[in-house]
Number of protein chains: 2
Amino acid sequence: MNRTHNNGELRIENVGQQVELIGWVAKKRNLGALVFIDLRDRYGITQVIFDESFEERLKEVKNEYILSVQGTVIERASKNPKIPTGDIEIQASDFSIINTAKLTPMIIGDETDALEETRMQYRYLDLRRPVMQKNIMTRHQITRSIREYLDNLDFVDIETPYLNRSTPEGARDFLVPSRVHKGSFYALPQSPQLFKQLLMVAGFERYYQIARCFRDEDLRADRQIEFTQVDVEMSFMSTDQILEIGEGMIKKLMKDVKGIDIELPLRRFTWYEAMERYGIDKPDTRFGLELVNLNETVKDVDFAVFKNALEAGGHVKGINVVGEAANFSRKKIDQLTELAKTYKAKGLAWLKVNDEGVQGPIAKFFNEEQLEKLLTAMNAHAGDLLLFVGDAKYEVVCDSLAAIRNYLGKELKLYDPNTFDFLWVVDFPMFEYDDETQRYYAKHHPFTKPKDEDLDKLETDPEHCLADAYDIVLNGYELGGGSQRIYDQNVQERAFKALGFTQEQIDAQFGWFVEGLQYGTPPHGGFALGLDRIAMLLCGCDSLRDVIAFPKNTSATCPMSKAPTPVADAQLEELGIGVKEYESDKSE
Amino acid sequence: MNRTHNNGELRIENVGQQVELIGWVAKKRNLGALVFIDLRDRYGITQVIFDESFEERLKEVKNEYILSVQGTVIERASKNPKIPTGDIEIQASDFSIINTAKLTPMIIGDETDALEETRMQYRYLDLRRPVMQKNIMTRHQITRSIREYLDNLDFVDIETPYLNRSTPEGARDFLVPSRVHKGSFYALPQSPQLFKQLLMVAGFERYYQIARCFRDEDLRADRQIEFTQVDVEMSFMSTDQILEIGEGMIKKLMKDVKGIDIELPLRRFTWYEAMERYGIDKPDTRFGLELVNLNETVKDVDFAVFKNALEAGGHVKGINVVGEAANFSRKKIDQLTELAKTYKAKGLAWLKVNDEGVQGPIAKFFNEEQLEKLLTAMNAHAGDLLLFVGDAKYEVVCDSLAAIRNYLGKELKLYDPNTFDFLWVVDFPMFEYDDETQRYYAKHHPFTKPKDEDLDKLETDPEHCLADAYDIVLNGYELGGGSQRIYDQNVQERAFKALGFTQEQIDAQFGWFVEGLQYGTPPHGGFALGLDRIAMLLCGCDSLRDVIAFPKNTSATCPMSKAPTPVADAQLEELGIGVKEYESDKSE
């Protein structure tokens, strides 16, 4: 093999050159005694033309065979403007077969009708498809860009351990039985959180790592049990400075990978503003359809749903679907109502605005003055469709309208899918109250610093205690987030107590970490970004699985290797563990 | 905080500037009412001088407190040439305490008398020591240099999964119980070997990853259960081309990290030559003391040890310890003999050369002619000490003399510890025969390609079948190695069979992988380098633990977090596993 060029680089300027190419047979077709072969490698496709003298030898050559071809670059009679090498072809003078191939169970091309399970079983073939190669290479471009950025800013890439101590707080850990210490277990990290904070205690000042993380959570359609996180932490930096580092990374990334100039600083919404305007803390800001707070506007309207909601201390909000009244039949509005109900709304009220006033089941509850107030508040005009949710719970109103808003944004094509609209959401609440367990949970994690002015609310008013925490959001997806961390051991203990930990629990679970805070901990904070999700959005994919080389399927198995599998009894014996009497999963 | 400079950057040119520094109090001393504080951050140390007005406020400030200091850069009266900032100091105008610190359980300085267990328990303090910071930052420089090199050569960084299928071959796997598929287990990867080969099948052509690997092996003094590997694979490349890629990486690395120019190409030894000349496949070539093959030379000498060895088809080799006869007492030679015996040698024969001839217990077995032959073969002169081992087994001769050679090289200071002597060892045997289990094992792994000319020896003469495999060696350490891989499915099956696998075993264990080889596999090969070891050698450390931020100790526990630990019964219940009745390791 003495390859002179790859299959993506020959151009009209190369005509006349003697070349040797190597590649997979992507397509082979006969034209009389002539044979045309599209030769493919990771760089592209080049067409090779073989004259009749090769006819016999080429009979055995099939798709996905690997060939080495010698020949001359010639100008193509009928050019193919769709590929960069489309102006030329190779007139073959000789070739050899480097390896043969069995008939593949799927077509190797950008378009495939193969089931995803087949694609994952033959992942090495799925990854041969140019679109998948491009995704994986774009992912590399992304990590490369991020690394360059952080390297040049003096961040130190430090590896933290993957075999750690199990922590009951948070998601479920993957456990790894210890053979040396039988009955004991390591846990795979859900994130390097504690280690990166200890690296700040150690004085590294600026740390990053592109780290694998593991969560044994219940499976959803598009979640992976292992995922990759861009993990960043720094000392002696204000929140503004940290966000500046973060958005600088985004700017470079977008320039390097997409060639797009992002304007800085990114917009910032407080958590409350995001909830008020979009009903969600990861708003898709590529389109309007903003929520309107109607608590004041409808407070005198005699409609039971609004009345009851407001009397219970709740909320009424609406969306103006501008100009869409005529396009929404009763049936379509019923679909929206069903969507609202999946987010626990009791229903969806609506009005259509026309030249005479409004029409719809709740029109009768508004007197003229109330109606005018409403139309003004919602900036509504003839032809608009108005949607309303009222509920005693703020999150029900927000969740249901946010879902409807996102649905309509997509359905009505209110945005350009090639737009990338980044923003920060800041000033998150410290805690989330869980009705079921009747306790507060940390909205970020228990090491998040309250805003200085809210410190006392830890004890007096946890519900309204805000955190010095922030998320970065793109097109309705949370890309990641972070916070300033607590660096004062006393504050840390107060935060733990607000979360309902006893001193004993603190000592047992976090004692080893809290101990470290006592020896001169710098003020520090940082963030973590989900690399898989960034890659998915930048590649324009719908699934994380399209940007991970070897993903698991939705039941957390690998259709290619069949992992996980039963193991030999001797292996379990050595580990001192036994499998309980479940019907074991031998079918996998 | 409004830091203007770090603690490593102020110079005489900055005299007169107003600055603000932040750092940890590394040292505080009083001179009358004046107070001197050494302020430390990751960039260095700067001395601050406080006049008497601060005396009272400074009383509470102790070592490892974090201070923010404002002041003026002044020229130092007594300069300190040992540190880059030694020409200046800061005349403080104000300061504030950013955080306090408890008395640390160890001294934060390059020199420490803390036990390693203490250093690991308080790793965040150990890592504050400048020497440890430097190690971790050098490690980053290394990965950065390697990534740059590979990125620029079009290698694609691709992440492979950490939750995989268990493979019985090789070292012991760490297992991860699956909660979703109870009774089934994932395994943590011992290396990304199969995945990187499948990425070649997928057509990526050039892959790399700096990947964590896991081996649940029995513990030795300096081994970690998780370690990091620079993993590289490429397609359509000759062995020469692969080695060129590898040594180019080394050259750049040494230039970037150590400022040293390495000459290429690196020397290559065949495995056999390395064994003959150094007795070991990872020779330390910084010094001579080469082994001399004496099979021919002593074949007529009537010394039973030599005679028996040779008659059994064995070997006799010697080392000439030039000029050291006078320095080796009987007692010191006895020590060498003990060392030889730990490598299964039955003894160590020796001679001292003097002006009259030789002296020593075996002198009497040599006649004049035999002696002259010997002295010529060993290039021996008056004053030299000659050491010999004869044994029926080649490896006993080699192992014991290699151990003595390495011991003497260090003991006699035969090399400059700042020399970096890289080399390749190539043409390894495909197989190693294990007397105990009476079968052949793959010396690299079962996917290693035999040399083309040795293909038939797979069946006819496995012992002498050479592999297209290579190791890279530095100063007596194997940094890593690799091979061309088998890309022909038939050869792969023949290799499996030579290793004693039945078809059933192949199908069950490797079927999913071998299947992939059928669809157009390119010729491919690569290598893997041990990053921890490279970092250790480039940092001049003796222990891997000094270049890993959070290592495990020799009993595979983390003295800081105490991992592994027992876990809640509910966690095991969810996984469907139980711990057998061992005395569990609650003491940890």
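Labels below follow one simple rule: chain letters A, B, ... track the order of the sequence lines, proteins then strands, and each chain is numbered from 1.
- Within the 4.5 angstrom heavy-atom criterion, atoms from both the backbone and the side chain of B/Thr104 approach chain A.
- Heavy-atom distances place both the backbone and the side chain of B/Asp154 under 4.5 Å from chain A.
- Proximity of a side-chain donor or acceptor of B/Arg179 to a complementary backbone N or O of A/Asp216 within less than 3.5 Å is detected.
- The distance from the CG atom of B/Leu194 to the OH atom of A/Tyr124 is 12.0 Å, given to the nearest 0.5 Å.
- When heavy atoms are compared at a cutoff of 4.5 Å, B/Thr100 approaches chain A solely by way of its backbone atoms N, CA, C and O.
- Distance alone, capped at 3.5 Å, places no donor-acceptor pair between the B/His181 side chain and the A/Thr557 backbone.
- Nearest approach of B/Tyr487 to A/Ile98, heavy atoms of both residues: CE1-O, 3.9 Å.
- Neither the backbone nor the side chain of B/Gln224 comes within less than 4.5 Å of any heavy atom in chain A.
- Proximity to chain B (any heavy atom under 4.5 Å) is shown, for A/Leu175, by both the backbone and the side chain.
- Among A/Ser166, A/Ser235, A/Ala568, A/Ser68, the residue making the largest number of heavy-atom pairs under 4.5 Å with chain B is A/Ser166.
- Residue with the most contacts toward chain B among A/Leu188, A/Asp41, A/Leu127, A/Asp126: A/Leu127 (heavy-atom pairs, distance under 4.5 Å).
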Exercise. When you look at B/Arg144 and A/Glu148, which way does the salt bridge (Lys or Arg N to Asp or Glu O under 4.0 Å) test go after all the steps?
Worked result: CA-CA 9 Å; B/Arg144 189 176 172 180; A/Glu148 269 176 17; over 6 Å; no

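- Formation of a donor-acceptor pair under 3.5 Å by the B/Asn164 side chain with backbone atoms of A/Ala563 is not found in this model.
- Both the backbone and the side chain of A/Asp218 have a heavy atom closer than 4.5 Å to some heavy atom of chain B.
- Side-chain N or O atoms of A/Trp24 include one that pairs as donor or acceptor with a backbone N or O of B/Gly520 at under 3.5 Å.
- Contacts of A/Ile22 with chain B are made by side-chain atoms alone, with heavy-atom separations under 4.5 Å and no backbone atom involved.
- Within the 4.5 angstrom heavy-atom criterion, only side-chain atoms of B/Ile158, from C-beta onward, approach chain A.
- Looking at B/Ile548, there are no atoms closer than 4.5 Å to chain A (heavy atoms on both sides), in backbone or side chain.
- The contact between A/Arg172 and chain B is made entirely by side chain atoms (from C-beta outward), counting heavy-atom distances below 4.5 Å.
- Of the inter-residue distances, the one linking A/Leu517 atom CG with B/Asn99 atom CG reads 9.0 Å to the nearest 0.5 angstrom.
- B/Gln197 does not touch chain A: none of its heavy atoms, backbone or side chain, sits under 4.5 Å away.
- The backbone N or O of B/Thr143 sits nowhere less than 3.5 Å from a side-chain atom of A/Asp157 that would complete a donor-acceptor pair.
- Using a 4.5 Å cut-off between heavy atoms, B/Phe155 touches chain A through its backbone atoms (N, CA, C, O) alone.
- Looking only at heavy-atom pairs under 4.5 Å with chain B, the residue among A/Met137, A/Glu515, A/Arg123 that has the most is A/Glu515.
- In this structure, the portions of A/Ser561 lying under 4.5 Å from any heavy atom of chain B include both its backbone and its side chain.
- Contacts between A/Phe513 and chain B at a heavy-atom distance below 4.5 Å are absent for every atom of the residue.
- With a threshold of 4.5 angstrom between heavy atoms, B/Tyr65 does not approach chain A through any atom at all.
- Contact of the A/Tyr186 side chain with the B/Lys552 side chain is registered, since non-hydrogen atoms from C-beta on lie closer than 4.5 Å.
- For B/Leu198, the parts lying under 4.5 angstrom from a heavy atom of chain A are both the backbone and the side chain.
- Contact annotation for A/Phe214: only side-chain heavy atoms (C-beta onward) come within less than 4.5 Å of a heavy atom of chain B.
- Only the side chain of B/Tyr122 comes within contact range of chain A, with at least one heavy atom under 4.5 Å from a heavy atom of that chain.
- Only the side chain of B/Leu531 comes within contact range of chain A, with at least one heavy atom under 4.5 Å from a heavy atom of that chain.
- Closest non-hydrogen pair, B/Pro105 versus A/Tyr519, comes out as CD-CE2, 3.7 Å.
- Highest contact tally toward chain A, considering only B/Leu125, B/Val25, B/Ile108, B/Ile210, is held by B/Leu125 [criterion: heavy-atom pairs under 4.5 Å].
- How far OG1 of A/Thr565 is from CH2 of B/Trp512: 11.0 Å, rounded to the nearest 0.5 Å.
- Atom OG of residue B/Ser238 and atom CG of residue A/Asn2 lie 10.0 Å apart, to the nearest 0.5 angstrom.
- Of the residues considered (B/Tyr162, B/Phe174, B/Tyr43), B/Tyr162 shows the highest number of contacts with chain A, using heavy-atom pairs under 4.5 Å.
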For this session: Give the C-alpha distance, both sets of side-chain angles, the deciding distance and a yes or no for side chain to side chain contact (heavy atoms under 4.5 Å, CB included) between B/Arg165 and A/Lys562.
Result: CA-CA 7 Å; B/Arg165 179 194 173 114; A/Lys562 311 302 184 205; 3.8 Å; yes

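- Among the candidates A/Ala570, A/Gly23, A/Pro177, the residue making the largest number of heavy-atom pairs closer than 4.5 Å to chain B is A/Pro177.
- Within the 4.5 angstrom heavy-atom criterion, atoms from both the backbone and the side chain of A/Leu163 approach chain B.
- Under the 3.5 Å distance criterion, the side-chain polar atoms of A/Arg128 are matched with a main-chain donor or acceptor of B/Val201.
- Residue A/Phe236 holds its CZ atom at 11.5 Å from CG of B/Asn6, rounded to the nearest 0.5 Å.
- Proximity to chain B is limited to the side chain of A/Arg147, based on heavy atoms less than 4.5 angstrom apart.
- Between the CE atom in A/Met237 and the CZ atom in B/Arg3 there is a gap of 9.0 Å [rounded to 0.5 Å].
- Ranked by heavy-atom pairs shorter than 4.5 Å toward chain B, the options A/Met560, A/Glu64, A/Arg40 are led by A/Met560.
- Take A/Arg212 and apply the salt bridge (Lys or Arg N to Asp or Glu O under 4.0 Å) test, not counting sequence neighbours, and it matches A/Glu226, B/Glu159.
- Annotation for B/Lys102: atom NZ counts as buried by contact number, over 12 foreign heavy atoms lying within 6.0 Å.
- Counting heavy-atom pairs under 4.5 Å between each of A/Ala202, A/Ala101, A/Gly516 and chain B puts A/Ala202 at the top.
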Exercise. Can A/Tyr208 and B/His140 be said to form a side chain to side chain contact (heavy atoms under 4.5 Å, CB included), step by step?
Worked result: CA-CA 10 Å; A/Tyr208 83 96; B/His140 176 208; 3.9 Å; yes

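- A 4.5 Å side-chain heavy-atom check between B/Ile577 and A/Phe185 finds at least one atom pair inside the cut-off.
- Of the atoms belonging to A/Ile136, heavy atoms from both backbone and side chain fall under 4.5 Å from chain B.
- Contact of A/Phe204 with chain B is made through backbone and side chain together, with heavy-atom distances under 4.5 Å.
- Shown here are the salt bridge (Lys or Arg N to Asp or Glu O under 4.0 Å) partners of B/Asp173, two or more places apart in sequence or in another chain: there are none.
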